Amino acid sequence: MHFNVNGRDHEVEPDSRTSLLDLLREHLRLTGTKKGCDQGACGACTVLVDGVRINSCLALAVQYQDRAITTVEGLEADSGLHALQQAFIAHDGFQCGYCTPGQVCSAIGMAKELERGIPSALTEDLCAMSMAWTRDEIRERMSGNLCRCGAYNGIVTAIETTFAGESAR
Amino acid sequence: MSVSHKSVGFQARKSTAGVAGGKPDAEHPVGEPLARVDGPLKVRGKARFAAEFALENLTYAALSYSTIAKGRIASINADEAKAAPGVLLVLTHENVSRLSPPPLFPEGAAGSTLPVMQDASIHWNGEPVALVIAESQEQADRAARLIRVTYEPEIAAIEFETVRAKAKAPKNILGEPTCIAIGDAEAALAQAPVRIDNIYRTPRHNHCAIELHALTAAWEGDALTVHDSTQMVHLTQKTLAKVFGVAEQKVRVLAPFVGGAFGNKSIWNHQILAIAAARMVGRPVRLVLSREGVFRETGGRTLTEQRVALGANADGTLAALIHTGIAGMTAHNDCPEQFTFPARHLYAAQTFLLSQKVAELNIVANTFMRAPGEAVGTFALECAMDELAEALNLDPIELRRLLEPDKDPVSGLPFSQRSLIEAYRRGAERFGWQNRSPVPGARSEGEWLIGQGVATATYPYHRFPGGVAKIRLSADGQATVQMGVHEMGMGTATVQAQYAAELLALPVECVTFEYGDSSLPSGVVAGGSCQSASIIAAVNAACEALFDELLKLVGHKSPLTGLIRTDVEAYRGGIRHRRDTDRFQSYVAILNQAGKDVLECEAPASEPSEAKRYSMHSYGAQFCEVRVNTVTGETRVSRWLASFDTGRILNARTAASQFRGGIIMGIGLALTEETFFDERTGRIMNPSLAEYHVPVHLDVPQIEVMWNGSPDPQSPYGVRGIGEIGITGAGAAIANAIYNATGRRIRELPITLDRLL
Ligand code: FES
Ligand code: FES
């Protein structure tokens, strides 16, 4: 079977039960994507598929053949860290670092959702074409990514400084 | 002498008062908000955790857990499991090798002394009864489900109501007296003009580190290498050596990164079983507990029932302070949840009765969880203080001022350093406490009632004995400091590089801190907020040894010739005379002159005797604002400010995160967290992150933290440790704010919607 991860092609024959998360971690040795529950409850396993964030622990690998899968390992450009990765460092958006790849991938997916005008539970005007980058919108939309170390303040600031500035430009 | 940095001529700076933020200072790296040295690895997903080490021929393990709380296994049928594809071994009590029981913390790393799967007996609902090894995780998981176990159940002690009557006083509480009685507190209470006397209850909690417990283990002959998610590499090494009957030097435990621990990452059954299985199949094994497995097989915080009774004189002083109660425990561990400890140090009173008991249950051994004792003890004590303030018609901060002792109220020892009242003053000013109405229900917005609350945070100073540090100085001007300690998010590698840089007067980029490996000099456990002080004491000793060696190396023609350690100080990448400051030579020059590429010195930390002579504790004032919905009963935390008095701060950025992390766990403790326990079956009912509710992004407001940074004159470099204090007082601050908002006094955690409707 053919998988495309971070722009690279892989031929693997996983068990039909193998999750996308385990495919990445155990077969492709891309251990940047983390397992925190294997039940869809923590967000540590968040990756982007065709730019959309998903919990890779709830995805069967075989269903993701030939899709564009992006993991934390695929965020860096030649110029170095993604701006959001840098912002996580600058604002101490982590402690142990275990939830971090999931937070980063989730935030990138979330930014696109906001851009596309997809409302959240907090959005007041459901028809609005553009969404405001408020801290509460970020919090609401990131609430599927748990951080037991409690780096939430830094994470929200990192996301806000990376994307809110960008959308204002 | 504990403050050994003085003897290497270190110029201790006054204090590191601050709030989060600030600019780096190259000359004095300590206290600066240096970004984490491992930040780039962590944000790129390149930090390697225990389950992420690739090994040739790796096998995968899965566990199966008992479904009764007490009794015996009548039969295990593993035929189907053994025949399932890919299965290499099904390990049960019938075929497991003889394993010595693991030594209990602090002698070992185990959370319980029970032998691991050595016979058919069952001690708790969730105890591992079988382990499957297979070629893939999917195969192991599937086979584990095919194992058929039948039981002969016995009557289990699982209902707290039943066992509480038989609760008994343990011999001691973590080495401290079980009962402290000063005067006749009950009599003084009965006669006091103002009395508060209530019962407070706190439930079971689970640590819920986001990294699942995991290990990757391989035997090579009788040598064992284990990548384990642990907060105690050396104790794990010692424990595994004992269990498997091999020499300690044959066991290597590595934990370069740990994805959160909070007290939970020690030795439980799973490591022992996986390692035993690896030996039997002759191949390396990886075991990652399922989230359910974490709840079933590793202990959490136990439940408590606490009585706090305060008898006040008309002037507000305390005639009696009573804090008693019961915690659930097992017969096989020693973790009595020391909730009476805060009352032993916080307030002056004429009489005291502080004592606690344990009630034995057939449960998974409860264990230490962030500020064991203090987290839940401050909930009861600090709510009671709030209740007393109201009864006396006093501001709660004013009451603390009235009750501030001038020496430790129980031991009579002097405080090494204590600025609690000052922390309150600074915090109150910044929070705007004077604008709060003491009248409950006075503020509202629409359907939301708004209230503010305050409570004291406190956590003892600990420095664990036995730490050894090594410093390696090389001729290219780089220094490496080594010690088998841990990084689970606290920022250890970062702050210790800063400290060593300051101690050696080197730029921080030139210093590397190595940790998380039992082949390094003996570390201490990452617990009790002890690492910073324990490491610094060992590094100080190693630095003294290093200076002695350097001064021996200088030879006859050096500006430093003839000097001894007490004459000199570290200065800009070298050593200079303290007074005759032109007498200087760089480390590089000394090593080059002596023709040495590297110089290594190792030394043990001094005995931690300071806490015997002084009452040493950290303090803080927690201020919060909550909004309680009158329709749904939902509580939202809308503001937080914490003002700490926790000794010197090594890094403003990582410290702020540590404080916040503790406070956030305190928000969970107050409002959402509870491990549900079925008292009929002894089974944990919500073993998942979907049903055990840790705070999520939207539950957490911006948390402001500030500190005075006053160095503790008795601790190494004035630090006291900050990992745990954030959770203390947090539960009470919220409960007190809820009272201020609603007039409802909730004395049972968590304060969920139903309790407010
Ligand atoms: S591991 Fe996928 S959501 Fe937790
Ligand atoms: S940084 Fe540890 S869980 Fe988020």
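In what follows, chains are A, B, ... by sequence order, proteins preceding strands, each numbered from 1. What you are looking at is a predicted structure, and each value in this text was computed from that prediction instead of being measured. Only heavy atoms go into these numbers, but all of them, side chains included; no hydrogens, no water, no symmetry mates.
Residue with the most contacts toward chain A among L689(B), L698(B), I703(B): L698(B) (heavy-atom pairs, distance under 4.5 Å). Counting heavy-atom pairs closer than 4.5 Å to chain A, the top residue among H207(B), M490(B), K46(B) is H207(B). If you tally non-hydrogen atom pairs under 4.5 Å between each of I155(A), D22(A), T157(A) and chain B, the highest count goes to I155(A). With respect to chain B, the highest number of heavy-atom pairs below 4.5 Å among G97(A), G36(A), G32(A) belongs to G36(A). Of the listed residues (A35(B), A54(B), C208(B), G260(B)), the one with the most heavy-atom contacts under 4.5 Å to chain A is C208(B). Taking chain A as the reference chain and counting heavy-atom pairs below 4.5 Å, the highest number among R291(B), E138(B), Q658(B), Q137(B) is found for E138(B). Top candidate by heavy-atom pairs under 4.5 Å with chain A, chosen from P40(B), S136(B), A47(B), G491(B), is P40(B).
The contact between V258(B) and chain A is made entirely by backbone atoms, counting heavy-atom distances below 4.5 Å. Only the side chain of F49(B) has a heavy atom closer than 4.5 Å to any heavy atom of chain A. There is no contact between Q86(A) and chain B, counting heavy-atom distances below 4.5 Å. Both the backbone and the side chain of Q85(A) come within contact range of chain B, with heavy atoms under 4.5 Å apart. Of the atoms belonging to F53(B), not a single heavy atom falls under 4.5 Å from chain A. Interface remark: L75(A) contributes no atoms to any contact with chain B (heavy atom separation under 4.5 Å). Contact of S688(B) with chain A is made through backbone and side chain together, with heavy-atom distances under 4.5 Å. Heavy atoms of H82(A) lying under 4.5 Å from chain B are absent altogether. Heavy atoms closer than 4.5 Å to chain A are found nowhere in A214(B), neither backbone nor side chain. No part of I138(A) comes within reach of chain B, as not one of its non-hydrogen atoms sits under 4.5 angstrom from that chain. Using a 4.5 Å cut-off between heavy atoms, Q139(B) contacts chain A through both its backbone and its side chain. Contacts of E76(A) with chain B are made by side-chain atoms alone, with heavy-atom separations under 4.5 Å and no backbone atom involved. With a threshold of 4.5 angstrom between heavy atoms, A209(B) approaches chain A through N, CA, C or O but not through any side-chain atom.
The backbone N or O of P701(B) sits less than 3.5 Å from a side-chain atom of N153(A), completing a donor-acceptor pair.
With a 4.5 Å cut-off on side-chain heavy atoms, R17(A) and R142(B) count as touching. For the pair E26(A) and R286(B), the minimum side-chain heavy-atom distance is below 4.5 Å. Within the 4.5 Å cutoff, the side chain of Q95(A) has no heavy atoms near those of the T654(B) side chain. You'll find the side chain of V72(A) stays beyond 4.5 Å of the side chain of R44(B), heavy atoms only. In this structure, V156(A) and H697(B) have side chains that are in contact, with non-hydrogen atoms separated by less than 4.5 Å. Proximity of D38(A) to S290(B): side-chain heavy atoms (C-beta onward) are nowhere separated by under 4.5 Å. Counting heavy atoms from C-beta on, the side chains of C149(A) and F262(B) come closer than 4.5 Å.
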What's the verdict on side chain to side chain contact (heavy atoms under 4.5 Å, CB included) for K42(B) and Y98(A), showing C-alpha distance, side-chain angles and the deciding distance?
CA-CA 8 Å; K42(B) 287 177 175 174; Y98(A) 197 78; over 6 Å; no
Run the numbers on L212(B) and K35(A) for side chain to side chain contact (heavy atoms under 4.5 Å, CB included), then give the verdict.
CA-CA 7 Å; L212(B) 297 160; K35(A) 184 184 283 188; 3.9 Å; yes
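Atom CD of E11(A) has more than 12 neighbouring heavy atoms from other residues, nucleotides or ligands inside a 6.0 Å radius.
Residue pairs that meet the salt bridge (charged side-chain N to carboxylate O under 4.0 Å, His left out) test with at least one member in residues 55-74 of chain A, sequence neighbours left out, are D50(A)-R67(A). Listed by first then second residue, pairs satisfying salt bridge (charged side-chain N to carboxylate O under 4.0 Å, His left out) with a partner in residues 91-112 of chain A read D92(A)-R36(B), not counting sequence neighbours.
In this structure, a donor-acceptor pair under 3.5 Å is present between the side chains of R135(A) and Q702(B).
Considering all non-hydrogen atoms of both residues, Y152(A) and V696(B) come closest at OH-CA, 3.4 Å. Nearest heavy-atom pair across A41(A) and A690(B) is CB-N, 3.6 Å. Scanning all heavy atoms of the two residues, the minimum distance from R148(A) to I210(B) falls at N-CG1, 3.6 Å.
The line from CD of E135(B) to CG of D15(A) is 12.5 Å long, rounded to the nearest 0.5 Å. T100(A) OG1 to L41(B) CG: the interatomic distance, rounded to the nearest 0.5 Å, is 11.5 Å.
K34(A) has a carboxylate O that lies under 4.0 Å from a charged side-chain N of E52(B), or vice versa, which qualifies the two as a salt bridge.
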